[in-house]
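Order of appearance sets the numbers: ligands from 1, and atoms from 1 within every ligand. These numbers were taken from a predicted model, which means no experiment stands behind them.
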Amino acid sequence: MNDRFLRALLREPTDTTPVWLMRQAGRYLPEYRATRARAGSFMALAQSPALACEVTMQPLDRYALDAAILFSDILTVPDAMGLGLSFAEGEGPRFAHPLRDEAAVAALEVPDMAKLQYVFDAVKEIRGALAARGDAAVPLIGFSGSPFTLACYMVEGGGSDDFRTIKTMLYSRPDLLHRILDINAQAVAAYLNAQIEAGAQAVMIFDTWGGVLAEGAYQRFSLAYMKRVVQKLHVEWDGRRIPSIVFTKGGGLWLEQIAATGCDAVGLDWTVNLGQARARIGDRCALQGNLDPNALFASPDQIRGEVAKVIESFGIVEPGVGHVFNLGHGISQFTPPEAVTALVDAVHDYGRRIRANGS
Ligand code: CP3
């Protein structure tokens, strides 16, 4: 197996810098759009282990990526709680039953993990498909939304520009939000552990919206609950360490506190300088990131230049530090697929050079 991704997360030496991309299986790939059309809807695709496996493998067939990520969505958990998830064509996610009053919050429960069996079945099927690649097999990443990011969708009922509904609850009825977050944290920990038991070899918590919170509110309403989740995760499974990654988009101010959750790696968006992040937490955690996804709209030469800047900003890779290359957020659906070839090849090339020459 190609294990450079797992080794980098555990800050062990690697021959070059491993790379994968958030949303690497998605609409920028014509073969993804074809499978999605066959499935009929995004949820039908995610709920079919065979089709979820097929789209998970698509980017690996095109690019020399060092990890696969389970094809699913963070909103499967609130869907299993009975909130009624749907994705309208061309629009974002919607919940038929958002949490709008005290009675709805009181009725919320940790879902029976059996309702998410299709996710664990997909994990098993993907592990089988990866194993069939022999030496070229790469590790599989499982994931979940953070308790707070899930709550954003559960309370708003969908995406939001200003998070007015959940922030109204946060300031006026913090007790209700804390109850939602407590349930979400239990659900997320059980969900990630079940993915690990099904075969996920690393797990990532996506805190896409933690960065919209005020100083103080971030710590109480997002970070504290992610810490609870991380502390409940299986540290080892089947005799192997299962590394965890925590990514708060917009969390650059709070890196030391994120590192203190006990995670193995911290995801960084493009606003953070990797060298400075390394000086702050690089002795405790590996770093994952952080090219601006929009750099992929430049020419292949320009992409190579931007990749070199990210790798050089991390600096010479010595034992005890780890860098996993990624984008600072999900890849845009408008990305030309050839741009990703340039990116992946440049990461492996500059990653080897920074190890060989120290520059
Ligand atoms: O990274 C991967 O390749 C794995 C798959 C994955 C998806 N969603 C598939 C998806 C992952 C890791 C996610 C996480 C996710 N989902 C997050 C956290 C990361 C982030 O991007 O911030 C969030 C906030 C969601 C919620 C969500 N799902 C939204 C807001 C949308 C609609 C907006 C959009 O980009 O389309 C989705 C739908 C979704 N999830 C798609 C994919 C490939 C597109 C749906 C389609 O095929 O039409």
Side-chain angles (χ1 to χ4, degrees), residues 19-48 51-60 62-63 65 67-79 83 85-95 119 122-123 126 138 140-154 156-161 163 166 188 191-192 195 200 202-212 222 226 245-251 267-270 288-289 293 324 326-335 340:
V19 53
W20 70 279
L21 306 179
M22 289 188 260
R23 295 274 181 104
Q24 65 191 24
R27 283 167 297 182
Y28 73 106
L29 292 176
E31 57 271 35
Y32 169 83
R33 297 195 297 269
T35 310
R36 187 186 186 285
R38 254 200 295 143
S41 70
F42 173 77
M43 281 309 279
L45 177 55
Q47 288 176 344
S48 155
L51 295 180
C53 176
E54 181 178 312
V55 294
T56 299
M57 304 304 281
Q58 287 170 347
L60 306 178
R62 274 190 188 248
Y63 314 114
L65 294 161
I69 178 159
L70 162 69
F71 186 82
S72 189
D73 198 80
I74 63 167
L75 301 179
T76 54
V77 171
D79 186 51
L83 273 65
L85 176 63
S86 63
F87 286 91
E89 188 71 52
E91 279 172 52
R94 284 264 145 250
F95 282 114
V119 176
V123 169
I126 298 163
V138 293
L140 177 61
I141 306 165
F143 70 90
S144 173
S146 71
F148 177 73
T149 292
L150 294 179
C152 287
Y153 290 95
M154 294 160 74
E156 297 286 343
S160 174
D161 293 333
F163 299 94
I166 190 165
V188 165
Y191 183 55
L192 289 174
Q195 291 180 41
V203 290
M204 173 153 166
I205 300 173
F206 286 88
D207 187 30
T208 307
W209 301 122
V212 305
S222 186
M226 291 198 287
I245 309 164
V246 171
F247 172 52
T248 293
K249 182 161 174 271
L268 303 170
D269 67 29
W270 58 84
Q288 176 174 279
V324 172
N326 206 314
L327 302 176
H329 196 201
I331 190 168
S332 158
Q333 62 171 307
F334 305 109
T335 307
V340 176

Exercise for the section: Check whether any side-chain heavy atom of Tyr32 lies under 4.5 Å from a side-chain heavy atom of Pro59, and answer yes or no. Expected result: no
Problem - Protein heavy atom at shortest distance from atom 42 (C) of ligand 1 - result: Phe42 CE1, 3.5 Å
Fill in the blank from the handout: For residues 36-47, the side-chain hydrogen bond (donor to acceptor under 3.5 Å, both in side chains) pairs (sequence neighbours left out) are Arg38-Glu54
Practice task
Answer yes or no for Gly330: is there a heavy-atom contact with ligand 1 below 4.0 Å?
Solution key: no
Problem - ligand 1 contact on Arg27 by region, counting heavy-atom pairs under 4.0 Å - result: side chain
Handout entry: Centroid separation Tyr153 to Phe95 less than 6.0 Å
Key = no
Handout entry: Close approach of Glu91 to ligand 1, heavy atoms, under 4.0 angstrom
Key = no
Completion exercise
Across all chains, not counting sequence neighbours, the side chain to side chain donor-acceptor pair (under 3.5 Å) partners of Asp79 are none
Exercise for the section: Would you kindly specify which portion of Leu70 sits under 4.0 Å from ligand 1, judged on non-hydrogen atoms: side chain, backbone, both or neither? Expected result: backbone
Practice task
State whether the shortest distance between N or O atoms of Tyr153 and N or O atoms of ligand 1 falls below 3.5 angstrom.
Solution key: no
Practice task
Could you establish whether Pro93 and ligand 1 come within less than 4.0 Å of each other, counting only heavy atoms on the residue side?
Solution key: yes
Exercise for the section: Can you figure out which of Arg33, Gln24, Arg36 has its heavy atom closest to atom 3 (O) of ligand 1? Expected result: Gln24
Fill in the blank from the handout: Min over Asp73, Thr35, Leu85 of heavy-atom distance to atom 40 (N) of ligand 1 lands on Asp73
Completion exercise
Residue, atom and distance of the protein heavy atom nearest atom 11 (C) of ligand 1 read Phe143 CZ, 3.6 Å
Exercise for the section: Report the C-alpha distance between Gln195 and Ser144 in whole Å, list the side-chain angles of each, state the deciding distance to 0.1 Å, and finish with yes or no for side chain to side chain donor-acceptor pair (under 3.5 Å). Expected result: CA-CA 10 Å; Gln195 291 180 41; Ser144 173; over 6 Å; no
Completion exercise
re atom 18 (C) of ligand 1, the protein heavy-atom contact at minimum distance is Thr208 OG1, 3.2 Å
Completion exercise
Honestly, for Ser72 the part within reach of ligand 1 (heavy atoms, under 4.0 Å) is backbone
Problem - Nearest-neighbour protein heavy atom for atom 13 (C) of ligand 1, which is reported as residue plus atom name and distance - result: Arg23 NE, 3.6 Å
